[in-house]
Amino acid sequence: MTLTADQSRTYGYDDLPRLMGLMTGDEKHGPAATSTLDVLWVLYDRVLRVAPERRDDPARDRFLLSKGHGPMAYYAVLAAKGFVPVDWLPGFGAYDSPLGHHPDRVLVPGAEIGSGSLGHGLPIAVGTALGLRAQDRPDPAVWVLVGDAELDEGSNHEAIAFAGPAGLDRLHAVVIDNSSASHALPGGIAARFRAAGWSAVTVDGRDHEALYAAFTAPHPGRPHVVVARVEPKNA
């Protein structure tokens, strides 16, 4: 657990539904948000080396949210971890709120990129990993969260195909598989990444211990992808 910005109490995983419940209004994309909840919590609670006080630390890990629809879970986790005030949450999506329907890196503390167009996050993550390598910064890890439907986009195909042969071993992708993709992937999502030279594992996206083990699995010399299977979007 982490002390929030108002220093008044701590928040844990069990508080996330209540924090998400503070966000009301139209276009919440509830299923898209809740599909990411467990992945986001395990990453921010146990894996990512990032904190509110080191948002600009060059040695921090980078987390990029590409699955921009349904940022309610993302905002709830950022609030629980002290990046944004909890009292921002009820204004979600309002005209004068920094918490838009797509996160804005200029307005949301802790957001590394603006989220929105499908297929943009993984290519940016590849570029971020390349940039850190060029700066001779081998320690920061780059994580990107994408949805299975995004893999329909050609920009992601190019990013996947490039990252493996480039040996970007500080690059990590998490694919939320909630059966949203329009096109079948022969052999499944993990097989597509393996064919391009990635380390890949598929796990239950609600099992925190399985997620943690997958996130921390060694993958020397290769980028790593975790396919997190959750219930179908329309279930």
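- With hydrogens and angles ignored, the 3.5 Å screen pairs a side-chain donor or acceptor of Asp61 with a backbone N or O of Arg49.
- Rounded to the nearest 0.5 Å, atoms OH (Tyr74) and CG (Leu40) are 8.0 Å apart.
- Other residues, nucleotides and ligands place no more than 12 heavy atoms under 6.0 Å from the NE2 atom of His157.
- Looking at Arg170, its side chain does come within 3.5 Å of a backbone N or O of Pro138 through a donor-acceptor pair.
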key: Worked check of side-chain contact (heavy atoms from CB on, under 4.5 Å) between Ile189 and Thr202   = CA-CA 9 Å; Ile189 294 172; Thr202 300; over 6 Å; no
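- Closest heavy-atom contact between Ser155 and Pro123: O-CG, 3.6 Å.
- For the pair Ile113/His120, a side-chain contact is recorded, criterion being any heavy-atom separation below 4.5 Å from C-beta on.
- Met72 CE to Met23 CE: the interatomic distance, rounded to the nearest 0.5 Å, is 5.0 Å.
- What you find for Ala228 and Val39 is that their closest heavy atoms are CB-CG2, 3.8 Å.
- Put simply, the side chain of Leu132 reaches to within 4.5 Å of the side chain of Arg62, judged on heavy atoms.
- Side-chain contact between Lys67 and Ser35: present, with at least one pair of heavy atoms (C-beta onward) separated by less than 4.5 Å.
- The minimum heavy-atom distance linking Val144 with Ser66 is given by the pair CG2-CB, 4.0 Å.
- Taking CD of Glu150 as the reference point, atom CD1 of Ile176 lies at 10.5 Å (rounded to 0.5 Å).
- Nearest approach of Ala200 to Ala190, heavy atoms of both residues: CB-O, 3.7 Å.
- The shortest non-hydrogen separation linking Asp45 to Lys81 is OD1-NZ, 2.5 Å.
- His219 contributes no side-chain N or O that, together with a main-chain N or O of Val225, makes up a donor-acceptor pair within less than 3.5 Å.
- Side-chain N or O atoms of Arg105 include none that pairs as donor or acceptor with a backbone N or O of Ala111 at under 3.5 Å.
- Note on ring orientation: taking the six-membered ring where Trp is involved, the planes of Tyr13 and Trp41 are tilted (angle from 30° to 60°).
- One N or O on the side chain of Tyr75 and one on the backbone of Gly100 form a donor-acceptor pair closer than 3.5 Å.
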Worked check of side-chain contact (heavy atoms from CB on, under 4.5 Å) between Val227 and Phe193 = CA-CA 10 Å; Val227 180; Phe193 282 83; 5.5 Å; no
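- The main-chain N or O of Arg222 is never found under 3.5 Å from a side-chain atom of Ser199 such that the two would form a donor-acceptor pair.
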request  = Please report the C-alpha distance between Arg206 and Val230 in whole Å, then the side-chain angles of each, then the deciding distance to 0.1 Å, and finally whether the side-chain contact (heavy atoms from CB on, under 4.5 Å) criterion is met.
outcome  = CA-CA 7 Å; Arg206 300 301 187 191; Val230 297; 4.0 Å; yes
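- None of Trp143, Phe215, Phe83, Tyr44 except one satisfies the ring-ring contact (aromatic ring centres under 6.0 Å, His included) rule with Phe63; the exception is Tyr44.
- The distance from the CH2 atom of Trp88 to the CG atom of Leu78 is 10.0 Å, given to the nearest 0.5 Å.
- Checked options Pro98, Pro71, Ser97; the residue passing with Phe92 is Pro71 (criterion: side chain to side chain contact (heavy atoms under 4.5 Å, CB included)).
- In this structure, Glu112 CD and Leu65 CG are separated by 11.5 Å, a value rounded to the nearest 0.5 Å.
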Verdict with reasoning, Glu209 to Arg46, per salt bridge (charged side-chain N to carboxylate O under 4.0 Å, His left out) = CA-CA 11 Å; Glu209 294 306 317; Arg46 302 173 63 180; 3.1 Å; yes
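- Using a 4.5 Å heavy-atom threshold, the side chains of Val126 and Glu158 count as separate.
- Gly197 and Pro223 make their closest contact through O-CD, 4.2 Å (heavy atoms, listed as atom of the first residue, atom of the second, distance).
- Rounded to the nearest 0.5 Å, atoms CG (Leu145) and CG (Leu43) are 7.5 Å apart.
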request  = Just do the side chain to side chain donor-acceptor pair (under 3.5 Å) check on His208 and Asp38 with the steps written out, would you?
outcome  = CA-CA 7 Å; His208 289 197; Asp38 296 275; 2.7 Å; yes
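- A donor-acceptor distance shorter than 3.5 angstrom exists from the side chain of Arg60 to the backbone of Arg55, with no hydrogens or angles considered.
- Side chain of Arg192 to main chain of Leu151: a donor-acceptor pair is present (N/O by atom type, distance under 3.5 Å, no hydrogens or angles).
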